[in-house]
Number of protein chains: 2
Amino acid sequence: MAQASGGVPRKEKAGGTVRADVAAAAPEGGIRRENLRRILTAAEQVFAEQGYGGATTAAIALRAGLPKANVHYYFSTKRDLYRAVLADILKQWLDPLAHVTPDSDPAQALAGYIRAKMRATRDRPVVSKVFAGEIIHGAEEIWGFLTADLKSLVDEKAAVLDGWIAEGRMAPVDTRHFFFFIWAVTQHYADFDAQVRAVLGRKKLTRRDFDTITAEVVRFILRGAGLSLPST
Amino acid sequence: MAQASGGVPRKEKAGGTVRADVAAAAPEGGIRRENLRRILTAAEQVFAEQGYGGATTAAIALRAGLPKANVHYYFSTKRDLYRAVLADILKQWLDPLAHVTPDSDPAQALAGYIRAKMRATRDRPVVSKVFAGEIIHGAEEIWGFLTADLKSLVDEKAAVLDGWIAEGRMAPVDTRHFFFFIWAVTQHYADFDAQVRAVLGRKKLTRRDFDTITAEVVRFILRGAGLSLPST
DNA sequence: GTCTATATGGAGATAGAC
DNA sequence: GTCTATCTCCATATAGAC
């Protein structure tokens, strides 16, 4: 672990558990709540840019506009803060899948899901990067979330797609892997944006770029599932 | 930067350049070459697991079975070692695209490329993870490679696909993004294997799993390009 | 609740005997 | 070329005045 040094945490407990919602507990408008939000937002960015090991509490404090000791007042260890950031992220991770229900039109529902994912990619790329880093490095901290919450949601939604397939409403694909494909492609534009920009020779991807890309992604994935949208 | 401490490198030059091939320079069978290989292999694994910031030279030395000072003998700084690992990786990164040439059959050529990528994913997942980490965190170290080597290769191969499209041999897709899709999906199974295993409820993906997944990936991507393989 | 000043100990890096 | 012993610095975390 980079975790360079530090007086105390000789051995960090590898939790597997992530507590929810630190910030929401504080009273609205209070200074505590405000500071928690500032710290969490700053931490999210720094963890995304530097990775857990590369991030320093000093950098987080600086970006939050608070003295370093203040960060430790709210989160006693760097790992605690990291867990809080992850908890924050997981809350929003499952939401977009709500679109997918048995009675919806396959192409419309999946397109809606993909668009929601691409919107998240565009608006909050750092979230995706922190999540990606955590998984790449073994997902110890969110293992419980992956094996319980995420797995059961995927099982449920895969069953919906299996129903569509049985009814001949989409091509026969392995539905769980199909979700992997969707995640892989959509999150690629957040996590690997540097590569995308380098290959396209673009300094920055604009909103318009994202609209174009989203349309291309939707078309590609739907075609992969034997679907297409009515051309409007 | 995690880079915790360390007596010397107060400020790390952000290179953008990656020197090639440290190990190959040494004479075959020599102890130098042997040690370089051990260190590079160990470093690759540790960087993949812990990230650059989280990796320590002590951990790398331990895994290489050498004293820490010996690592510094071959690579004066941790960043130097990291660059060498990246250089090692980049060498193999472009190879699989060789399959894609104007006169080949689109479905066969692309399937070959995808299979090669999936094989790399299966056999050397750590390579993919180090590469992913580098890009997620801004790709400073390999920016030159991305904007020069990778970009021109993609431009070249995209032109091949554009030719196929013009001849009506595959569906009209944005060919550069099509490569992004391929990379996203194939590398997903290396980089996000923890998530894949968690959702599938599998402790480990076997060779057989990989064969199945590869077939599914090939089918999906080809269908997305309006192609299919002759069922054998 | 806030923040300056400080402790603590580990991380990268080196000297120098072998 | 190798490796033990050691140096230096800085990142985490805390004490304690405000």
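Predicted model only: the values in this text are computed from it and were never measured. Reckoned from all heavy atoms, side chains included, excluding hydrogens, waters and symmetry mates.
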Self-check item: Side chain of Ile31(B) - closest among dA13(D), dG1(D), dC3(D)
Solution: dG1(D)
Practice problem: In whole angstrom, give the distance that lies between atom NZ of Lys78(A) and atom C1' of dA13(D). | Solution: 12 Å
Self-check item: Rounded distance (Å) that lies between atom P of dA11(D) and atom CD of Gln50(A)
Solution: 11 Å
Quiz prompt | Atom pair distance, as rounded to whole Å: CG in Asn70(B) and C1' in dC3(D) | solution = 7 Å
Quiz item: Name the one of Val126(A), Ile60(A), Val85(A) that satisfies side-chain contact (heavy atoms from CB on, under 4.5 Å) with Val46(A)?
Solution: Ile60(A)
Quiz item: Lys68(A) NZ to dA5(C) P: how many Å, rounded?
Solution: 13 Å
Quiz item: Does Tyr73(B) have a side-chain nitrogen or oxygen under 4.0 Å from the phosphate oxygens OP1 or OP2 of dT2(D)?
Solution: no
Exercise. May I have the distance from Arg33(B) (atom CZ) to dG1(D) (atom C1'), rounded to whole angstrom?
Key: 18 Å
Practice problem: Please tell me if the side chains of Tyr82(A) and Glu134(A) come closer than 4.5 Å, counting only heavy atoms from C-beta onward. | Solution: yes
Quiz item: Does a side-chain heavy-atom distance below 4.5 Å link Leu40(B) with Glu44(B)?
Solution: no
Practice problem: Mind telling me whether His177(B) and Phe180(B) have parallel, tilted or perpendicular rings, with 30° and 60° as the class edges? | Solution: perpendicular
Exercise. Using whole Å, report how far NE2 of His72(B) lies from C1' of dA11(C).
Key: 9 Å
Quiz prompt | Distance test, side-chain N/O of Thr57(B) to OP1/OP2 of dG12(C), below 4.0 Å | solution = yes
Quiz item: Rounding to a whole Å, what distance do you find between Ile60(A):CD1 and dT12(D):P?
Solution: 8 Å
Exercise. In whole angstrom, give the distance that lies between atom CZ of Phe75(A) and atom P of dG1(C).
Key: 13 Å
